[in-house]
> 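Here's a structure for you.
Excluded from the calculations below are hydrogen atoms, water molecules and symmetry mates; all remaining heavy atoms, backbone and side chain alike, are included. Read the numbers this way: they start at 1 and go in the same order the structure lists the ligands and their atoms. Keep in mind it's a predicted model, so treat the numbers as computed, not measured.
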Amino acid sequence: MSKFTFQLSATDGRARTGVISTPRGEIRTPAFMPVGTAATVKAMLPESVRATGADILLGNTYHLMLRPTAERIARLGGLHGFMNWDRPILTDSGGFQVMSLADLRKLTEEGVSFKSHIDGSKHMLSPERSMEIQRLLGSDIVMCFDECPALPAERAQIAESMRLSMRWAQRSRDAFGDRPGHALFGIQQGGLEQDLRAESAEALRGIGFDGYAIGGLAVGEGQEAMFGCLDYAPDQLPSDKPRYLMGVGKPDDIVGAVKRGVDMMDCVLPSRSGRTGQAWTRRGPVAIKNARHADDPRPLDETCTCPACTGYSRAYLHHVFRAGEMISGMLLTWHNLHYFQELMSGMRAAIASGTFEAWEAEFHAQRALGDIERV
Ligand SMILES: [Zn+2]
């Protein structure tokens with residue numbers, strides 16, 4: 001079986017481009033990973049997700065362990081076959097989602113016990129159980145089980161939580177074992193505290209991982225604070241391994257993260273927005289429900305080659321959204337995922353040719369024009 005490798009091919013400033021190779025295929029970086037929470041990227045067939053240019057999907061341990069359960073998916077041959085996606089899958093550890101359960105969970109050194117949001121049944125997640133679930137799912141990139149405190153938080157609390165996550169990172173590493181072709185990523189924590197981030201990175205380096213995630217950001221701190229942290233956090237992690245910023249984000253967040261040396265990102269935004277009538281375009285977000293689109297025969301974006309833009313007018317997209325038709329979510333999700341992947345491919349090409357700065361200036365110039373002005 002071939003191995004999991006990461007090969008950088010070019011850098012431009014702090015931005016990097018390269019390829020992650022896995023037995024299930026290559027992942028071009030910087031990469032955007034659509035989120036397939038419940039073994040589906042909502043409103044999309046897997047082949048349609050692939051057609052947008054996605055090399056890898058993200059699945060959620062928390063949701064899949066509750067329904068239909070990891071054991072059932074394993075009996076049916078694993079997540080890839082179950083959801084009909086044969087390319088790489090990254091699964092999160094469940095840590096972030098159980099954190100958001102607030103008063104439904106109990107945290108100890110051992111792990112987190114919690115009640116299902118579906119039926120109130122009792123469950124336990126620990127580093128060992130998270131590794132077992134992600135193995136049963138057949139995940140290609142497995143994430144360490146960690147604790148992610150909500151921001152803002154007291155420094156002492158962030159430090160304590162980070163050190164717990166580092167002990168869990170060692171337990172995750174031990175439980176993961178030796179699985180050729182599969183990767184385990186560590187997760188850096190430490191909030192917005194540079195020295196705690198450094199301590200976390202040092203601990204993770206000491207354990208040794210196939211890739212390193214920057215966790216605990218995009219949790220309400222705002223873009224300025226996030227970029228402030230990304231001004232140093234990626235460089236605290238090994239440069240020869242992929243760096244993954246979890247849960248990011250809006251297009252301008254993504255561009256700013258890539259500029260600061262991030263290789264991988266994931267976010268529900270393009271698919272969630274697609275279902276709520278928001279399109280993301282090079283001119284910024286467009287609310288398709290607005291009356292100004294009702295008689296507009298033009299596509300969402302005349303430069304976009306997705307099915308929503310090549311086959312349908314703004315007037316039609318406006319109509320099916322207002323009428324509550326399913327095709328509304330399907331077309332807008334397709335467009336949004338296509339736009340996000342075009343963004344990544346544009347950045348990869350710009351980094352490879354050493355023109356990232358000019359590319360970024362054009363990105364911001366287009367957005368500054370805005371959608372409303374383009375008549
Ligand atoms: Zn489009």
> Taking the side chain as every heavy atom from C-beta outward, state whether R14 and D231 have any atom pair closer than 4.5 Å.
yes
> Which residues and atoms, protein N, O or S only, are under 2.8 Å from the Zn ion (ligand 1)?
C304 SG, C306 SG, C309 SG, H335 ND1
> For Y62, which residues count as a ring pair (Phe, Tyr, Trp, His ring centres under 6.0 Å) partner, sequence neighbours excluded?
F114, H117
> How are the rings of F340 and F32 set relative to one another: parallel (under 30°), tilted (30 to 60°) or perpendicular (over 60°)?
tilted
> Donor-acceptor pairs are to be reported for all side-chain atoms of residues 48-57 against protein atoms at under 3.5 Å, with residues two or more places apart or in another chain.
residue, atom, partner, partner atom, Å
R50, NH1, A54, O, 2.9
R50, NH1, D55, OD1, 2.8
T52, OG1, V49, O, 2.5
D55, OD1, R28, NH2, 2.9
D55, OD2, R28, N, 2.9
D55, OD2, R28, NE, 2.9

> If you look only at pairs with a residue in residues 196-224, which of them pass as a salt bridge (Lys or Arg N to Asp or Glu O under 4.0 Å), with sequence neighbours excluded?
R163-E199
> Charged N to carboxylate O under 4.0 angstrom, D86 versus R24?
no
